[in-house]
Amino acid sequence: MEAQYPTIPAKHIVFKTKSPDQWFGIDYNMNIYRGCSHGCIYCDSRSDCFKVQDFGTVKVKEEALRIIRDDLKRRVVTGVVGTGAMSDPYNPLERELNITRHSLELINAYRFGVSLCTKSDLAARDADILSDIKAHSPVIVKFSISTADDDLCRQLEPQVAPTSQRFKALEQLARQGIFCGVLMVPLLPYVNDTEENVRAIVRMAKDAGAKFIYTYMGMTLRAGSREYYYDHLDTILPGVKEKYMKRFGTRYNCTSPRSKKLWDVFTQECVEQDMLFDMRNIIRHYKHGYEKQMMFRFNI
């Protein structure tokens, strides 16, 4: 019987990272799906350099679970497996296919840790497996949230669970003792880069039980993603595109003109709410107590 969804071949899925300490202490990268159906108008993964055809269509990697099992089995050194960098592991297909869930079961079986990044409330479904992994290895779940306002969220991220639902999912996982937090990215210049938005997200995160917030006071734009963003930005906020073109041109890093003030507001709010915001401290806290578990092992 033919699959009722697009597929692509793959030889390997779990890859060693080059600099594990720079991005949430991830040792391995794992992208189970290719493409994303969230429709976020600012998504950098849509850039031409990644050469992902039909980016808006989610494709399943053929024999993904067998490949992930073999990749994990080959690894002599355990570590934290990160997923969600190029394609959300909790896209709509996951509700039916459960590939991410079964991948977590493999990660648990081979005693690796996991770092999840998602915009979906479906992540709360896997609290049981994440708790099992947490018993032997580090676990961190990051919810990407750019705006505290559900209406603006629906304009910027039309096919995603709204902000309020993501915070509910974060709260469910936090209640299970899972180390959770927020990636407050992107802060789009002239769109959501306001003090009110920054303060609101930090406070909502605290109320939901988040341990950390990590942010970048701006966004990135390059060929492919820039054109898509400008086209959709014009329908939401006419005239703002011209501000981008004048200020940033073809620049990759588009830092908010308010970045210094926003950073001061952000750090002050995080301190008052007792929230971690420095990458090194975030890594140290979620990995604390697991140092001996991250060791060589011998495959049998």
Salt bridge check, [Y] against [X]: does any charged N sit closer than 4.0 Å to a carboxylate O?
X: Arg175; Y: Glu171; value: yes
X: Asp207; Y: Arg203; value: no
X: Arg154; Y: Asp151; value: yes
X: Glu272; Y: Lys206; value: no
X: Asp70; Y: Arg66; value: yes
X: Asp121; Y: Lys168; value: no
X: Asp234; Y: Lys241; value: yes
X: Asp132; Y: Arg101; value: no

Donor-acceptor under 3.5 Å ([X] side chain, [Y] main chain):
X: Thr100; Y: Pro89; answer: yes
X: Ser120; Y: Asn91; answer: no
X: Arg199; Y: Val265; answer: no
X: Asn253; Y: Thr255; answer: no
X: His288; Y: Arg284; answer: no

Rounded to the nearest 0.5 Å, what separation is found between the CE atom of Met30 and the CD1 atom of Ile26? 10.5 Å
At what distance, to the nearest 0.5 angstrom, does CZ of Phe266 lie from CE of Met275? 8.0 Å
Run Leu116 and Lys142 through side-chain contact (heavy atoms from CB on, under 4.5 Å) and show every step you take. CA-CA 6 Å; Leu116 291 173; Lys142 299 154 285 178; over 6 Å; no
Would you check if there is a donor-acceptor pair between the side chains of [Y] and [X] at a distance under 3.5 Å?
X: Asp126; Y: Tyr90; result: yes
X: Thr7; Y: Glu62; result: yes
X: Gln176; Y: Gln172; result: no
X: Ser164; Y: Asp150; result: yes

Taking ILVMFWY side chains as joined if any heavy atoms are under 4.5 angstrom apart, and letting links pass through other members, which residues group with Met219? Ile41, Tyr42, Leu152, Leu156, Leu188, Tyr190, Val191, Leu221, Tyr229, Tyr230, Leu233, Ile236, Leu237, Val240, Tyr244, Met245, Phe248
Would Lys59 pass as a cation-pi partner of Tyr5, given that its NZ or CZ must be under 6.0 Å from the six-membered ring centre and within 45 degrees of the axis? no
Are Arg46 and Tyr228 in a cation-pi setup, meaning NZ or CZ lies under 6.0 angstrom from the ring centre and within 45 degrees of the ring axis? yes
Are [X] and [Y] near enough that their ring centres are under 6.0 Å apart?
X: Phe212; Y: Phe179; answer: yes
X: Tyr28; Y: Phe112; answer: yes
X: Trp263; Y: Tyr216; answer: no

Using a cut-off of 6.0 Å, state whether more than 12 heavy atoms not belonging to Lys211 lie near its atom NZ. no
Asp128 atom CG, neighbour heavy-atom count above 12 within 6.0 Å: yes
Dump the intermediate steps for side-chain contact (heavy atoms from CB on, under 4.5 Å) on Lys16 and Arg75, then the final yes or no. CA-CA 9 Å; Lys16 188 77 175 70; Arg75 298 298 177 182; 4.2 Å; yes
Chi angles and distances behind the side-chain contact (heavy atoms from CB on, under 4.5 Å) call for His136, Asn108: CA-CA 9 Å; His136 57 76; Asn108 184 36; 2.7 Å; yes
Determine whether Met217 and Asp193 make a side-chain contact, defined as any pair of heavy atoms from C-beta on separated by less than 4.5 Å. no
Apply side-chain contact (heavy atoms from CB on, under 4.5 Å) to residues Leu187 and Ser256 and explain how you reach the verdict. CA-CA 7 Å; Leu187 287 179; Ser256 168; 5.6 Å; no
Check salt bridge (charged side-chain N to carboxylate O under 4.0 Å, His left out) between Asp54 and all other residues, then give those that pass, not counting sequence neighbours. none
With sequence neighbours left out, what residues match Arg34 under salt bridge (charged side-chain N to carboxylate O under 4.0 Å, His left out)? none
Going by the side chain to side chain contact (heavy atoms under 4.5 Å, CB included) test, name the single residue among Glu196, Met184, Glu269 that passes it with Ile201. Met184
